[in-house]
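Read the structure below first, then the notes.
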Amino acid sequence: MTKTDVVIADVIFITLILIFILYKRSKNTVKNYANEDTYRLCIKKLQSRVKRPNYTYIPNPEIYKRFQKCNTDELTLTALAVDMLKHCGYKPAALYVRTAEKDPNDHIAGQYSINQNSSTIEIRIHPSITEKEILAILIHECMHFFLRCRGISMMYTQENEYLTDIAAVYMGFYEYMRNGYGKVGYLNPHELTYINRLIDRMQDE
């Protein structure tokens with residue numbers, strides 16, 4: 001075997017190793033987020049209980065302008081939450097959005113709570129939070145409110161959080177979730193994209 005043959009053999013060997021590594025990595029990536037059984041279960045539950053809107057969510061222009069001027073104003077965030085729920089076919093009787101300073105040691109980005117006949121969404125604000133992140137957090141918490149009002153839930157906490165994010169995609173908030181949810185949510189942008197396609201596939205099944 002000549003020196004050239006050895007070099008060619010080495011190149012082929014290294015190339016095959018790289019192809020194998022990339023293949024394994026892609027398979028692992030799919031396994032990490034494509035928990036299709038759980039996703040399908042959540043989507044089927046939504047399909048059986050909620051009519052999917054015929055169009056994606058478009059914010060009320062006047063409210064959205066106010067939000068762009070000041071994305072932490074509580075009155076504006078409350079109006080935006082009501083607008084989001086209106087898109088879902090639901091009008092809340094008493095829902096308020098509050099903001100609070102985020103604790104650096106706390107991973108919670110937002111929280112939904114209910115006290116007798118009124119509900120509160122709290123968004124945790126930090127100096128580097130973006131408009132897109134605030135929108136995504138608000139959508140997630142609005143979905144908690146919506147699902148609770150409709151009596152839709154999963155047995156376990158983690159599954160319930162998946163259901164909430166999947167409901168956001170199902171109800172027409174996919175673009176807002178994908179653009180702002182990566183750093184603050186339960187599902188990453190790749191998962192949200194996967195779920196968006198899965199919902200479309202399941203509608204045709």
Side-chain angles (χ1 to χ4, degrees), residues 39 42-99 109-112 119-125 129-153 160-204:
Y39 297 164
C42 291
I43 294 166
K44 283 180 180 178
K45 181 163 283 198
L46 291 168
Q47 287 176 328
S48 68
R49 301 287 300 277
V50 181
K51 183 180 179 182
R52 191 183 186 195
N54 295 324
Y55 53 91
T56 59
Y57 172 67
I58 300 172
N60 176 294
E62 184 182 332
I63 298 172
Y64 195 67
K65 278 182 185 178
R66 284 159 46 196
F67 172 71
Q68 288 178 313
K69 285 181 181 177
C70 181
N71 55 35
T72 59
D73 178 72
E74 292 179 348
L75 289 176
T76 301
L77 289 170
T78 299
L80 194 55
V82 171
D83 188 57
M84 290 172 177
L85 290 163
K86 182 182 175 183
H87 168 78
C88 299
Y90 194 87
K91 184 178 180 181
L95 174 66
Y96 306 96
V97 180
R98 303 283 182 255
T99 59
Q111 196 166 16
Y112 164 71
S119 300
T120 302
I121 289 172
E122 184 176 270
I123 297 178
R124 309 288 174 82
I125 304 296
I129 197 167
T130 66
E131 178 182 296
K132 291 178 180 179
E133 287 172 357
I134 292 173
L135 264 181
I137 295 167
L138 185 60
I139 291 166
H140 177 87
E141 300 307 328
C142 281
M143 289 302 101
H144 270 304
F145 175 87
F146 177 69
L147 292 172
R148 188 185 186 284
C149 291
R150 297 299 299 266
I152 303 170
S153 64
N160 214 47
E161 294 297 347
Y162 290 157
L163 173 67
T164 305
D165 283 347
I166 291 168
V169 177
Y170 183 84
M171 297 305 291
F173 299 96
Y174 164 66
E175 291 293 340
Y176 302 98
M177 296 293 284
R178 188 192 65 178
N179 292 337
Y181 207 55
K183 289 187 272 184
V184 297
Y186 289 88
L187 299 176
N188 64 45
H190 295 294
E191 291 169 307
L192 293 168
T193 299
Y194 180 86
I195 288 163
N196 190 49
R197 291 171 181 165
L198 182 59
I199 290 170
D200 288 338
R201 287 209 312 269
M202 288 179 66
Q203 278 200 168
D204 298 331

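For the single chain, residues carry numbers from 1 onward in sequence order. Computed from a predicted structure; not experimentally measured.
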So does [Y] get a backbone contact from the side chain of [X], meaning a donor-acceptor N/O pair under 3.5 Å?
X      : Y      : value
Thr78  : Tyr96  : no
Arg49  : Arg150 : yes
Glu191 : Asn188 : yes

Interatomic spacing from [atom1] in [X] to [atom2] in [Y] - rounded to 0.5 Å:
X      : Y      : atom1 : atom2 : result
Met177 : Asn196 : CE    : CG    : 11.5 Å
Ile129 : Asn71  : CD1   : CG    : 8.0 Å
Tyr186 : Tyr162 : OH    : OH    : 10.0 Å
Tyr170 : Ile43  : OH    : CD1   : 9.0 Å
Leu163 : Asp165 : CG    : CG    : 9.0 Å
Leu192 : Glu175 : CG    : CD    : 10.5 Å

Can you establish whether the number of heavy atoms outside [X] located under 6.0 Å from its atom [atom1] is more than 12?
X      : atom1 : result
Arg201 : CZ    : yes
Glu62  : CD    : no
Arg148 : CZ    : no

Heavy-atom side-chain proximity of [X] to [Y] below 4.5 angstrom:
X      : Y      : answer
Leu147 : Ser153 : no
Asp83  : Phe67  : no
Met171 : Val50  : yes
Met84  : Leu135 : yes

Would you say the side chains of Glu161 and His140 form a donor-acceptor pair under 3.5 Å?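 A donor-acceptor contact under 3.5 Å links the two side chains.
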
Between Gln47 and Arg52, does any side-chain donor sit less than 3.5 Å from a side-chain acceptor?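 No, no side-chain donor-acceptor pair sits under 3.5 Å.
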
For [X] against [Y], the heavy-atom pair lying closest together:
X      : Y      : answer
Leu95  : Thr120 : CD1-N, 4.4 Å
Gly172 : His87  : CA-NE2, 4.3 Å
Cys142 : Ala81  : SG-CB, 3.6 Å
Leu85  : Pro92  : CD1-CG, 3.9 Å
Ala79  : Ile63  : O-CD1, 3.8 Å

With side chain to side chain contact (heavy atoms under 4.5 Å, CB included) as the test, pick out the partner of Ile139 among Tyr176, Tyr181, Tyr174.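 Per the side chain to side chain contact (heavy atoms under 4.5 Å, CB included) rule, the option paired with Ile139 is Tyr176, out of Tyr176, Tyr181, Tyr174.
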
Determine the sole option in Ile125, Ile123, Ile121 for which the side chain to side chain contact (heavy atoms under 4.5 Å, CB included) test with Ile137 is passed.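 For Ile137, the side chain to side chain contact (heavy atoms under 4.5 Å, CB included) check succeeds only for Ile123.
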
Test applied, side chain to side chain donor-acceptor pair (under 3.5 Å); reference residue, Gln111; option that passes from Arg124, Arg98, Glu122, His144: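 The passing option is Arg124.
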
Mutual orientation of the aromatic rings belonging to Tyr57 and Phe173 [parallel < 30°, tilted 30-60°, perpendicular > 60°]: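 Because their plane-to-plane angle lies in the 30° to 60° range, the rings of Tyr57 and Phe173 count as tilted.
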
Should the pair Tyr112 and Phe145 be assigned to parallel (<30°), tilted (30 to 60°) or perpendicular (>60°) ring geometry?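 It falls in the perpendicular class, over 60°.
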
